Participant: 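Take this structure, written in structure tokens, and hold onto it; I'll ask about it next.
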Amino acid sequence: MSRCVKRFQRIFRPGVQLTLLVAFISALSACSSPSEKLLEQFTEYRVEHGLDLYRQTVPQDGESSLVAVYETVDDLFGIMEFDGKENNYQEVEKKQKVTTAVLTGDGKTTLAILHPDQKMGNVKVNADGQSEEFALDSQEPITVHTLKDSYDDVKIEVFDEQGNLIEQDE
């Protein structure tokens with residue numbers, strides 16, 4: 001019995017234990033999840049294209065894309081669904097008060113509204129005969145909202161806190 005214990009102790013000295021631990025951690029880090037790989041790809045894409053990021057989603061397990069809202073070096077405002085292959089995006093020229101970008105795809109419509117000077121207000125959306133209202137994000141200069149379906153014809157009206165129309169996009 002004591003011979004077995006001595007052999008075991010000889011094999012698993014502190015140096016050997018440390019080496020095994022480092023090898024195990026290295027093996028785990030090499031096996032990054034698909035969502036981590038997608039985030040790495042998007043970071044490279046963002047740097048390569050000089051995008052100034054406002055907000056992005058973090059893909060959960062099983063999701064194959066992320067949504068990002070950004071500004072380009074050419075002063076365009078954009079929203080993108082990034083999957084690392086065929087990236088669906090919409091970029092528009094920034095306006096004085098409020099800028100809206102509409103991204104349609106994957107059975108949904110996502111709206112990005114840039115409102116740096118407008119902290120309070122409401123948005124009314126008319127999409128193919130359907131109507132929906134929601135508040136501007138008062139904590140951020142940007143509001144992102146996803147409609148339940150994919151629409152081709154989207155009309156967006158942004159109102160200040162008194163109910164005055166400040167921007168209309170069709």
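The structure displayed is predicted, hence computed values, not measured ones.
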Participant: Over all heavy atoms of both residues, which pair between A101 and Q90 is shortest? Give the atoms and the distance, please.
Facilitator: CB-O, 4.3 Å
Participant: Q168 side chain to I166 main-chain N or O, any donor-acceptor pair under 3.5 Å?
Facilitator: no
Participant: Between V158 and L147, is there a shared hydrophobic cluster once you connect ILVMFWY residues whose side-chain heavy atoms come closer than 4.5 Å?
Facilitator: yes
Participant: Mark yes when over 12 heavy atoms from residues, nucleotides or ligands other than K148 sit less than 6.0 Å from its NZ; otherwise mark no.
Facilitator: no
Participant: Quick one: pull up CG in L66 and CE in M80 and give me the separation to the nearest 0.5 Å.
Facilitator: 9.0 Å
Participant: Between T104 (side chain only) and Y151 (backbone N and O only), is there a donor and an acceptor less than 3.5 Å apart?
Facilitator: yes
Participant: Any side-chain heavy atom of Y45 within less than 4.5 Å of one from N87?
Facilitator: yes
Participant: Hey, could you give me the CD1/CD1 distance between I113 and I156, rounded to the nearest 0.5 Å?
Facilitator: 5.5 Å
Participant: Please assess D160 against K97 for the test salt bridge (charged side-chain N to carboxylate O under 4.0 Å, His left out), listing each intermediate value before the final yes or no.
Facilitator: CA-CA 11 Å; D160 65 14; K97 294 181 181 180; over 6 Å; no
Participant: Provide the closest heavy-atom pair for G105 versus N88 in the form atom of the first, atom of the second, distance.
Facilitator: CA-ND2, 4.1 Å
Participant: Could you tell me if E91 and Y70 have a donor-acceptor pair between their side chains, going purely by distance under 3.5 Å?
Facilitator: yes
Participant: Hey, is the main chain of V98 close enough, under 3.5 Å, to the side chain of Q96 for a donor-acceptor pair?
Facilitator: no
Participant: Examine distances only and state if a side-chain atom of T143 and a backbone atom of D137 form a donor-acceptor pair shorter than 3.5 Å.
Facilitator: yes
Participant: Using side-chain contact (heavy atoms from CB on, under 4.5 Å), reason through Q118 and E161 one step at a time and then give a plain yes or no.
Facilitator: CA-CA 9 Å; Q118 190 66 41; E161 58 271 10; 3.1 Å; yes
Participant: Looking only at non-hydrogen atoms, find the nearest pair between V58 and Q60 and report the distance.
Facilitator: O-NE2, 3.1 Å
Participant: Just verifying a value: how many Å separate I142 CD1 and F77 CZ, rounded to the nearest 0.5 Å?
Facilitator: 4.0 Å
Participant: Return the minimal non-hydrogen interatomic distance between K108 and S150, and the atom names on each side.
Facilitator: N-CB, 3.7 Å
Participant: Hey, does the side chain of T72 reach the backbone of G50 with a donor-acceptor pair shorter than 3.5 angstrom?
Facilitator: no
Participant: Mark yes when over 12 heavy atoms from residues, nucleotides or ligands other than K124 sit less than 6.0 Å from its NZ; otherwise mark no.
Facilitator: no
Participant: Quick one: pull up CG in D152 and OG1 in T109 and give me the separation to the nearest 0.5 Å.
Facilitator: 8.0 Å
Participant: Considering the options E86, E81, K85, which one meets the side chain to side chain donor-acceptor pair (under 3.5 Å) requirement together with S65?
Facilitator: E81
Participant: Is there a side-chain contact between E71 and K94 in this structure, where contact means two heavy atoms from C-beta onward sitting under 4.5 Å apart?
Facilitator: yes
Participant: Hey, what do you get for CG (L114) to CD1 (I79), rounding to the nearest 0.5 Å?
Facilitator: 12.0 Å
Participant: What's the verdict on side-chain contact (heavy atoms from CB on, under 4.5 Å) for Q41 and F82, showing C-alpha distance, side-chain angles and the deciding distance?
Facilitator: CA-CA 9 Å; Q41 282 181 309; F82 182 87; 3.9 Å; yes
Participant: When rounded to the nearest 0.5 angstrom, what is the spacing between NZ in K95 and NE2 in H115?
Facilitator: 14.5 Å
Participant: State yes or no: do Y54 and Y89 share one hydrophobic cluster built from I, L, V, M, F, W and Y residues joined by side-chain heavy-atom distances below 4.5 Å, directly or via other members?
Facilitator: no
Participant: Between E93 and T99, what is the shortest heavy-atom contact and its length?
Facilitator: O-CG2, 3.6 Å
Participant: Without swapping roles, check the side chain of E36 against the backbone of S33 for a donor-acceptor pair under 3.5 Å.
Facilitator: yes
Participant: Would you say the side chains of H145 and E132 form a donor-acceptor pair under 3.5 Å?
Facilitator: yes
Participant: Considering all heavy atoms of both residues, which atom of V92 and which atom of T100 are nearest to each other, and what is their separation?
Facilitator: CG2-O, 3.4 Å
Participant: Within the structure provided, determine whether L38 and E63 are in side-chain contact (heavy-atom separation under 4.5 Å).
Facilitator: no
Participant: I'd like to know whether CZ of F134 has more than 12 heavy-atom contacts from other residues, nucleotides or ligands below 6.0 angstrom.
Facilitator: yes
Participant: Under a single-linkage definition using a 4.5 Å side-chain heavy-atom cutoff for Ile, Leu, Val, Met, Phe, Trp and Tyr, are V154 and L136 assigned to the same hydrophobic cluster?
Facilitator: yes
